[in-house]
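Here the structure is laid out as structure tokens; the discussion comes afterwards.
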Amino acid sequence: MLCPRRFLKPGSPPGALWRRGAHKLASVHKASTLSKRKLQSLLFPFSELEPYLHSSVDRTAYQLFHPSLEDVVKAEKLFCSSASHRIDYFTSAERIDHAPTLRQPEVCFIGRSNVGKSSLIKALFSLSPEVEVRVSKTPGHTKKMNFFKVGKAFTLVDMPGYGHRAPTDFVDMVEHYLESRKNLVRTFLLVDGSVGLQEADRVALEMCEEIRRPYVILLTKIDKCGPGALLSNLMSVQDVVKSQTSSCFPQPLLLSSQQFLGIYLLRCFLAHITGSVELSNTSQS
């Protein structure tokens with residue numbers, strides 16, 4: 001049975017993984033009060049779609065990264081800011097030559113201007129609500145590269161959105177960054193899961209393929225459509241990943257910033273690829 005509380009030290013207060021002002025589902029510890037099925041769907045959103053799949057469909061590609069609950073709890077601590085592990089907005093840059101020189105591992109998020117990048121970053125950092133992540137209702141709000149430092153563990157970069165109201169030099173900025181950033185360990189390409197791959201997303205995917213650095217597709221806003229439409233979009237993306245990519249992680253990750261679906265899993269994935277936390281087992285047994 002899923003029971004994250006047994007992975008906390010005896011006598012640990014809820015505050016060990018919970019902060020005043022944080023979202024009610026910011027921590028796995030708080031989510032453990034929910035039903036087993038709800039907790040399972042929060043941890044692994046694909047579990048809600050699996051019953052709709054025909055028995056002949058191979059599920060392996062959708063469950064490649066499947067860490068233990070113990071590892072999810074371990075990774076979550078990385079997202080709690082403290083005096084010795086400060087999580088905060090660091091700086092912004094309008095051009096790549098203005099970007100700070102950093103040695104720690106770096107990940108970046110790219111996607112269409114209304115795909116929910118800022119909302120996703122806010123959800124990831126929700127255990128440290130003092131971190132300022134501006135979320136605008138106006139698409140195309142992010143015009144600069146925004147750098148967030150997660151202690152000395154890694155840096156997260158929010159890139160300007162492409163498509164609607166994108167900066168005129170967006171392609172040059174992003175391509176140069178992806179090609180030249182030596183400490184970049186993974187790029188995350190965000191795609192709206194409720195509508196599937198759009199033409200602009202395919203262009204971004206082709207750019208990632210040409211640069212040939214590892215990247216991952218994140219399907220956001222999965223709460224904005226029914227399971228049938230979501231499953232169709234997921235399998236369409238999976239087909240593109242399988243047949244048209246060589247640098248993309250085979251498993252698209254499902255996310256909803258509003259309902260916290262997949263947030264714990266993404267935190268664990270970030271901890272894993274940046275080498276910040278040593279995980280015991282990351283695959284489906």
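The structure presented is a predicted model; accordingly, all values stated were derived computationally and were not measured. Here, residue 1 is the first one in the sequence, and each next residue gets the next number.
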Query raised in the report: Centre of Y162's six-membered ring, under 6.0 Å away, within 45 degrees of the axis: is that where NZ or CZ of R112 sits?
Result: no
Query raised in the report: Would you say the side chain of L255 lies within less than 4.5 Å of the side chain of I263, judging by non-hydrogen atoms?
Result: yes
Requested in this report: Would you name the heavy atoms of Q238 and A61 that are closest together and state the gap between them?
Outcome: NE2-CB, 3.4 Å
Query - Min side-chain heavy-atom separation S194-I222 under 4.5 Å - result: no
Report task. Side-chain contact test, heavy atoms from C-beta onward, threshold under 4.5 Å: evaluate it for M145 versus D158 and give yes or no. Result -> no
Report summary line: Output for pair (N146 CG, L156 CG), nearest 0.5 Å, gives 10.0 Å
Query raised in the report: Parallel under 30°, tilted from 30 to 60°, perpendicular over 60°: which one fits the rings of F249 and F269?
Result: tilted
Query raised in the report: When rounded to the nearest 0.5 angstrom, what distance separates CD1 in I110 from NZ in K117?
Result: 9.5 Å
**Report entry** Exam field: side chain T274 to backbone L270, donor-acceptor pair closer than 3.5 Å
**Finding:** yes
Query raised in the report: Does the pair S118 and I121 meet the rule for a side-chain contact (heavy atoms from CB on, under 4.5 Å), with working shown?
Result: CA-CA 5 Å; S118 297; I121 294 171; 5.6 Å; no
Query raised in the report: Are K242 and D239 ion-paired here, with the side-chain N under 4.0 Å from a carboxylate O?
Result: no
Query raised in the report: Between E179 and R213, is there a salt bridge with N-O shorter than 4.0 Å?
Result: no
Query raised in the report: Do you reckon L64 sits in the same ILVMFWY cluster as I273, going by side-chain contacts under 4.5 Å, direct or chained?
Result: yes
**Report entry** Contact summary for P129 and S126, nearest pair of heavy atoms
**Finding:** CD-O, 3.6 Å
Report task. Apply salt bridge (charged side-chain N to carboxylate O under 4.0 Å, His left out) to E278 and K74, showing your working. Result -> CA-CA 9 Å; E278 185 176 349; K74 188 191 305 182; over 6 Å; no
Requested in this report: Please step through side-chain contact (heavy atoms from CB on, under 4.5 Å) for the pair L189 and V216, ending with a clear verdict.
Outcome: CA-CA 6 Å; L189 173 57; V216 182; over 6 Å; no
Query - V203 reachable from V241 in the ILVMFWY side-chain graph, under 4.5 Å edges - result: no
Report task. Verify, without hydrogens or angle tests, whether D88 (side chain) and V131 (backbone) share a donor-acceptor contact under 3.5 angstrom. Result -> no
**Report entry** Non-hydrogen atoms of F260 and A123 that approach each other most closely
**Finding:** CZ-O, 3.8 Å
Query raised in the report: Can you name the ring-ring contact (aromatic ring centres under 6.0 Å, His included) partners of Y89, sequence neighbours left out?
Result: F148
Query raised in the report: So, do P105 and N183 sit near enough that their side-chain heavy atoms are less than 4.5 Å apart?
Result: no
Report task. May I ask you to test the L279-F65 pair for a side-chain heavy-atom distance under 4.5 Å? Result -> yes
Report task. Would you please name every residue forming a ring-ring contact (aromatic ring centres under 6.0 Å, His included) with Y264, sequence neighbours left out? Result -> none
**Report entry** Any donor-acceptor N/O pair, S236 side chain to S232 backbone, under 3.5 Å
**Finding:** no
Query raised in the report: With side chains defined as the heavy atoms from C-beta onward, is the minimum distance between V150 and T155 less than 4.5 Å?
Result: no
Query raised in the report: Run the side-chain contact (heavy atoms from CB on, under 4.5 Å) check on E209 and I211 step by step: do they pass?
Result: CA-CA 5 Å; E209 281 297 306; I211 294 172; over 6 Å; no
Query raised in the report: Is it the case that K149 places NZ or CZ above or below the six-membered ring of F90, under 6.0 angstrom from the centre and within 45 degrees of the axis?
Result: yes
**Report entry** side-chain contact (heavy atoms from CB on, under 4.5 Å) evaluation trace for L53 with L231
**Finding:** CA-CA 8 Å; L53 280 175; L231 186 57; 3.9 Å; yes
Query - Inter-residue atom distance T220.OG1 - L120.CG, 0.5 Å rounding - result: 7.5 Å
Query - For L184 against C108, the heavy-atom pair lying closest together - result: CD1-N, 3.9 Å
Report summary line: d(E48 CD, L254 CG) to nearest 0.5 Å is 11.0 Å
Requested in this report: Please check if any side-chain donor atom of S280 sits under 3.5 Å from a side-chain acceptor atom of E70, or the reverse.
Outcome: no
**Report entry** Cluster overlap V195 with V237, hydrophobic side-chain contacts below 4.5 Å
**Finding:** no
Query raised in the report: Looking only at atom types and distance, does a side-chain atom of S47 sit under 3.5 Å from a main-chain N or O of F44, one as donor and one as acceptor?
Result: yes
Report task. For S128 and S81, indicate whether the former's side chain and the latter's backbone hold a donor-acceptor pair under 3.5 Å. Result -> yes
Query raised in the report: Can you tell me how far the CZ atom of R267 sits from the CZ atom of F125, to the nearest 0.5 Å?
Result: 9.5 Å
Query - Nearest-0.5 Å distance that lies between atom CZ in F188 and atom CG in L190 - result: 9.5 Å
**Report entry** V191 to I217 - nearest heavy-atom pair and separation
**Finding:** CG2-CG2, 4.1 Å
Query raised in the report: Looking at N114 and K221, what are the two nearest heavy atoms and their distance?
Result: O-NZ, 2.5 Å
Query raised in the report: Any chance CZ of R59 has more than 12 other-residue heavy atoms, nucleotides or ligands included, within less than 6.0 Å?
Result: yes
**Report entry** Non-hydrogen side-chain atoms of P252 and L234 separated by less than 4.5 Å
**Finding:** yes
Query raised in the report: In terms of heavy-atom contacts, does NZ of K152 have more than 12 from other residues, nucleotides or ligands at under 6.0 Å?
Result: no
Query raised in the report: Is any side-chain heavy atom of T187 closer than 4.5 Å to a side-chain heavy atom of F109?
Result: no
Query raised in the report: Are the side chain of S27 and the backbone of H29 linked by a donor-acceptor contact shorter than 3.5 Å?
Result: yes
